[in-house]
Amino acid sequence: MPELPEVETVRARLEPLLAGRRLERVAILDPRLTRPEPPDAVSARLEGRRVDGVRRRGKYLVIDLEGDGHLLVHLRMTGSFRHTAGSAPGADGHARAVVELDDGGRLVYRDVRRFGTWSLLERGELDAYLGVRLGPEPLGPGFTAAALRSALAGRRAPVKAALLDQRTVAGIGNIYADEALWLARLHPLAAAGELGPGDVARLARAIRRVLRTGIDRHGATLRDYRAPDGASGSMQEEFRVYGRGGAPCPRCGTPIAKARVAGRGTWLCPTCQVAPGA
DNA sequence: AGGTGGACCCGAACGC
DNA sequence: TGCGTTCGGGTCCACC
């Protein structure tokens, strides 16, 4: 659900609301959110600090705080922010945290399934934390066909499993993995390490293209995902295979098939996406 | 060592 | 209609 394009959309909307603001009051309503840190300890360290900016790395939101602190937010499946200019009600049963800003604005963090996480990292901890978890940014200069080729080399896992591994490349989830593999005409079960240089080059291009389109469309709103102003994305209208079992492949008309790969629902065109060994 | 599958969570969709 | 069951999805972790 929130994958790179959705998180980037949230980042872009959050940045102007938060940059330069001071966090006056922070109420963490669900202790799961900051686990294993006690919620009161985290809110005490957040209160009174100014926000320097809001960045994104993979699917993580990085809220930079004065004094080299970083609030690292992962929305997982259903996390979302909702901003109101005044201290309007807003906090329903799924609110997990409420932040009051020094301009009178209020930010409510909601998360129906409670998988999302807030981690407050201090000086020097951020790079180590992200470094062991994330590969290159797919839209940054470090993500080239050669880089992807070396990340996939020798791996026997299905290429889809490798794409879902955030250390291969950061920010791809189930939806954009299926879309990128369709665009690159690769079967999700193809062994990652056995793709040819041309396959990998097509895949790298396809990844960048589906993610850029996702950002242009402000993400995909299937159920829960919303931007902080409540707006929906429209990327779901651009899906070629994801969730479209039985519909004709936009390239060849063959009905889209549904399979299970790496434990995930997987949609593909059985004609244009070449099966392994075929 | 690298890959796989279950746990976590809960609303929605599904099946009888 | 109403109830119980299954599904999904990102990441971590135990297991193979």
Side-chain angles (χ1 to χ4, degrees), chain A residues 1-11 28-37 56-62 72-80 92-97 109-119 121 128-135 137-138 150-181 188-195 207 210-211 214 219-226 232-233 235-236 239 241-246 258-268 276:
Chain A
M1 307 244 194
E3 303 180 28
L4 187 152
E6 289 74 27
V7 179
E8 177 57 27
T9 303
V10 172
R11 186 210 65 75
I28 292 168
L29 311 173
D30 181 357
R32 272 195 65 91
L33 188 60
T34 57
R35 217 163 55 173
E37 293 296 314
R56 178 194 56 73
R57 179 77 173 88
K59 301 173 195 168
Y60 288 91
L61 280 170
V62 184
L72 197 58
V73 175
H74 200 303
L75 304 172
R76 297 290 180 107
M77 321 263 311
T78 53
S80 67
D92 64 8
H94 295 307
R96 308 296 175 201
Y109 176 78
R110 300 177 74 247
D111 189 351
V112 170
R113 293 190 203 171
R114 304 171 67 207
F115 278 6
T117 54
W118 282 22
S119 314
L121 304 181
Y129 186 94
L130 295 177
V132 298
R133 288 171 172 80
L134 301 180
E137 279 296 314
S150 80
L152 297 179
R155 295 181 65 167
R156 290 183 307 176
V159 60
K160 176 162 176 179
L163 292 182
L164 293 176
D165 180 346
Q166 300 299 293
R167 291 168 301 185
T168 305
V169 52
I172 298 175
N174 199 43
I175 293 173
Y176 292 90
D178 281 3
E179 293 296 313
L181 288 167
L189 282 174
E194 287 170 19
L195 298 178
I207 287 168
V210 298
L211 295 176
T221 296
L222 294 180
R223 297 189 195 95
D224 309 270
Y225 163 74
R226 287 277 194 287
S232 308
M235 181 63 189
Q236 66 281 0
F239 290 165
V241 287
Y242 181 85
R244 305 189 69 238
K258 183 171 185 193
R260 196 151 194 93
V261 177
R264 296 285 172 253
T266 298
W267 287 269
L268 70 150

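To find a chain, count down the sequence lines: A is the first, B the second, and so on, and within it residues start at 1. Keep in mind that the numbers below use all heavy atoms, side chains included, and drop hydrogens, waters and symmetry copies.
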Sugar-phosphate, base or nothing in reach of A:Arg76, heavy atoms under 4.0 Å: base
Boundaries of the DNA chain B segment in contact with chain A, non-hydrogen, under 4.0 Å: B:dG3 to B:dG11
Any side-chain heavy-atom pair of A:Glu194 and A:Arg156 under 4.5 Å: no
Relative orientation of the end axes in the helix from B:dG2-C:dC16 to B:dC16-C:dG2, expressed as an angle to the nearest 10° (five pairs per end): 60°
Which residues share a side chain to side chain donor-acceptor pair (under 3.5 Å) with A:Arg35, sequence neighbours left out: none
5' precedence on DNA chain C between A:Met77 and A:Tyr129 (nearest-nucleotide basis): A:Met77
Sorted by number, the residues of residues 163-178 of chain A with heavy-atom contact under 4.0 Å to DNA chain C: A:Gln166, A:Gly173, A:Asn174
Sugar-phosphate only, base, or nothing, as touched by A:Arg264 at under 4.0 Å among non-hydrogen atoms: base
Positional range of nucleotides in DNA chain C within the contact set of chain A, heavy-atom, under 4.0 Å: C:dG8 to C:dC12
Sugar-phosphate only, base, or nothing, as touched by A:Lys160 at under 4.0 Å among non-hydrogen atoms: nothing
Atom pair CG (A:Leu134) and OH (A:Tyr129), whose distance is rounded to the nearest 0.5 Å: 9.0 Å
All side-chain contact (heavy atoms from CB on, under 4.5 Å) counterparts of A:Arg56, not counting sequence neighbours: A:Leu4, A:Val7, A:Glu8, A:Arg11, A:Glu137
Test item: side-chain donor near acceptor, A:Tyr176 and A:Glu6, under 3.5 Å: yes
